Number of protein chains: 2
Amino acid sequence: MSTAKKILIIEDQGTMRRNLALLLEMEGFQVVTAENGRIGLETARRERPDVILCDVMMPEMDGYAVVQALRGEPDFATTPFLFLTAKGEKSDIRVGMNFGADDYLTKPVVRDDLLAAIEARLARAEAQDERVRELAGNHPGGHLPDFSSPAPLQTHLGLTGREAEVLLWVAQGKSNGDVSSILGCSEKTVKQHLGSIFEKLGVENRTSASLVAVETLAKHSRG
Amino acid sequence: MSTAKKILIIEDQGTMRRNLALLLEMEGFQVVTAENGRIGLETARRERPDVILCDVMMPEMDGYAVVQALRGEPDFATTPFLFLTAKGEKSDIRVGMNFGADDYLTKPVVRDDLLAAIEARLARAEAQDERVRELAGNHPGGHLPDFSSPAPLQTHLGLTGREAEVLLWVAQGKSNGDVSSILGCSEKTVKQHLGSIFEKLGVENRTSASLVAVETLAKHSRG
DNA sequence: AAAGGTCTAGGACTAAAGGCGTATGGTGGG
DNA sequence: CCCACCATACGCCTTTAGTCCTAGACCTTT
């Protein structure tokens, strides 16, 4: 792990807030705290925590409102959010979970339970990031078509080498004249090839042919 | 909504399993069931459910083992997993949550609670998928652009509504005449809009504009 | 050697695309 | 009320795209 995970604690009771912060800091987490929901939201936006611990009952803005607000912001749509609840509030837990909280802990919080819950959610979030990286790795730079080679057009669309070259440039918006200059042939030749291309692809103009080419180049660029 | 969400129910008690299945099917979900943990795992791998409901106490393989196994597989690292627990098992919930479960429901399950919990987790999963797509630039149905709506062109390219409509059709290879018929206006109008589109996109012909449109529709499709 | 595919390219033509100017209504905001 | 923006539309003009036909040069396969 490169850097310490950052945990935001939103809790109005000072004693409990400090105890939690101390406990988590001793475990190697970076801790930021907020004493109510409104400040908690601001702090979250500023600090970008990896996990949020949040009390339910708070003045100004309760825990439900906090999680609801966060879940509406793309940056926090996936940030693990754990509730801290007193025993009597257990029936209200459902509300929080349905707003998109990830877990809850019953106060008084046992050290091992707290750490286990946090670790579990961090592991979950990392699995999420892993998935993102995998997908991103398969398609670097997005899922954009790769115009670096005409080969995919030749193999996947059954075009001849020259036809594939022509289509490669046409699909990038070049005019027939441009393509003829690029390929060093007559514009008539480009037109001739384009005619063959249209027939092979079953289309009737360069725009449709380009669409086919772009999709082919996007799909068969890297896997 | 494109297709119904698929829910896997892993529950050894036949009556409860059927009741849950019936309830969820009436709500429009596609339901598959399994009568124990081992079969549940196999079913999950085969059916790729969007949500998994799983009993804790089961012969052969209990719910903890199921969630632990699933969380180890990349394909299921992020699939919402909800426990169904009897009242007396509440202390064991922590174990399940720490294995990566997303929520739990206490039996007997109240209909509204069940639906709310499922919807909440589906919403969460979709938010995550959204993030995956944004970061990875990936697309669920492959890498194909979605021509079902001009909205992305309007919002992401700064086009007016009508311009977006025109481009949507042009990008699909339609001629100006075709577009004018489709949109019920003069071909001159189509040309006029296309001129504005070229200027806004910084391109000089319809093929290049289509390229931009296709990439935009591939990136920002679905919502 | 003959056949077939590819790449090249010409002529003659039609169709479509695109630029430029102008103009009319509608609509929303200062 | 006027202005800015939008959608609509026409005319005139130039450029580009695309079709059909023909045909030579160069390959490989038969």
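Keep in mind the model is a prediction, meaning the values are calculated, not measured.
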Problem - Atom-to-atom span, CZ of Phe198(B) to P of dC20(C) - whole angstrom - result: 13 Å

Practice task
Would you kindly give the CD-to-C1' distance between Glu204(B) and dT15(D), to the nearest whole Å?
Solution key: 13 Å

Exercise for the section: Nearest whole angstrom, please: distance from the P of dA15(C) to the CD of Glu187(B). Expected result: 13 Å

Problem - His193(A) NE2 to dT19(D) C1', straight-line distance once rounded to whole Å - result: 16 Å

Exercise for the section: Anything under 30° is parallel, anything over 60° is perpendicular, the rest tilted; go ahead and classify Phe99(A) against Tyr64(A). Expected result: tilted

Exercise for the section: Determine whether the side chains of Ser175(B) and Asp178(B) contain a donor N or O and an acceptor N or O closer than 3.5 Å. Expected result: yes

Exercise for the section: Please list, by residue number, the residues of residues 160-167 of chain A whose heavy atoms come closer than 4.0 Å to an atom of DNA chain C; answer none if no residue qualifies. Expected result: Thr160(A), Gly161(A), Arg162(A)

Exercise for the section: Find the distance Lys188(B):NZ to dA9(D):C1' and express it as a whole number of Å. Expected result: 9 Å

Problem - Gln192(A) CD to dG24(D) C1', straight-line distance once rounded to whole Å - result: 13 Å

Exercise for the section: Please check the phosphate of dT8(D) (OP1 and OP2 only) for any side-chain N or O of Ser186(B) closer than 4.0 Å. Expected result: no

Problem - Leu183(A) CG - dA9(C) P separation (whole Å) - result: 10 Å

Practice task
Sort out for me which residue in Ile182(A), Val179(A), Thr189(A), Leu159(A) forms a side chain to side chain contact (heavy atoms under 4.5 Å, CB included) with Val166(A).
Solution key: Val179(A)

Problem - Phosphate OP1/OP2 of dA16(C) contacted by Asn176(B) side-chain N/O (<4.0 Å) - result: no

Practice task
For the residue pair Ile197(B) and Leu201(B), establish whether any side-chain heavy-atom pair is separated by less than 4.5 Å.
Solution key: yes

Practice task
Taking the six-membered ring for Trp and the full ring for Phe, Tyr or His, determine whether the centres of Phe76(A) and Phe81(A) are under 6.0 Å apart.
Solution key: no

Exercise for the section: Give one of base, sugar-phosphate or nothing for Ser175(A), where a contact means two heavy atoms less than 4.0 Å apart. Expected result: sugar-phosphate

Exercise for the section: Report yes or no: is there a donor-acceptor pair, N or O only, under 3.5 Å between the side chain of Lys191(B) and the base of dG18(C)? Expected result: yes

Handout entry: Electrostatic pair Asp12(A):Arg38(A) at N-O distance under 4.0 angstrom
Key = no

Problem - Spacing between Asn205(A) atom CG and dA17(C) atom P, to the nearest angstrom - result: 8 Å

Practice task
Using a strict cut-off of less than 4.0 Å between a Lys/Arg side-chain nitrogen and an Asp/Glu carboxylate oxygen, indicate whether Glu165(B) and Arg162(B) qualify as a salt bridge.
Solution key: yes

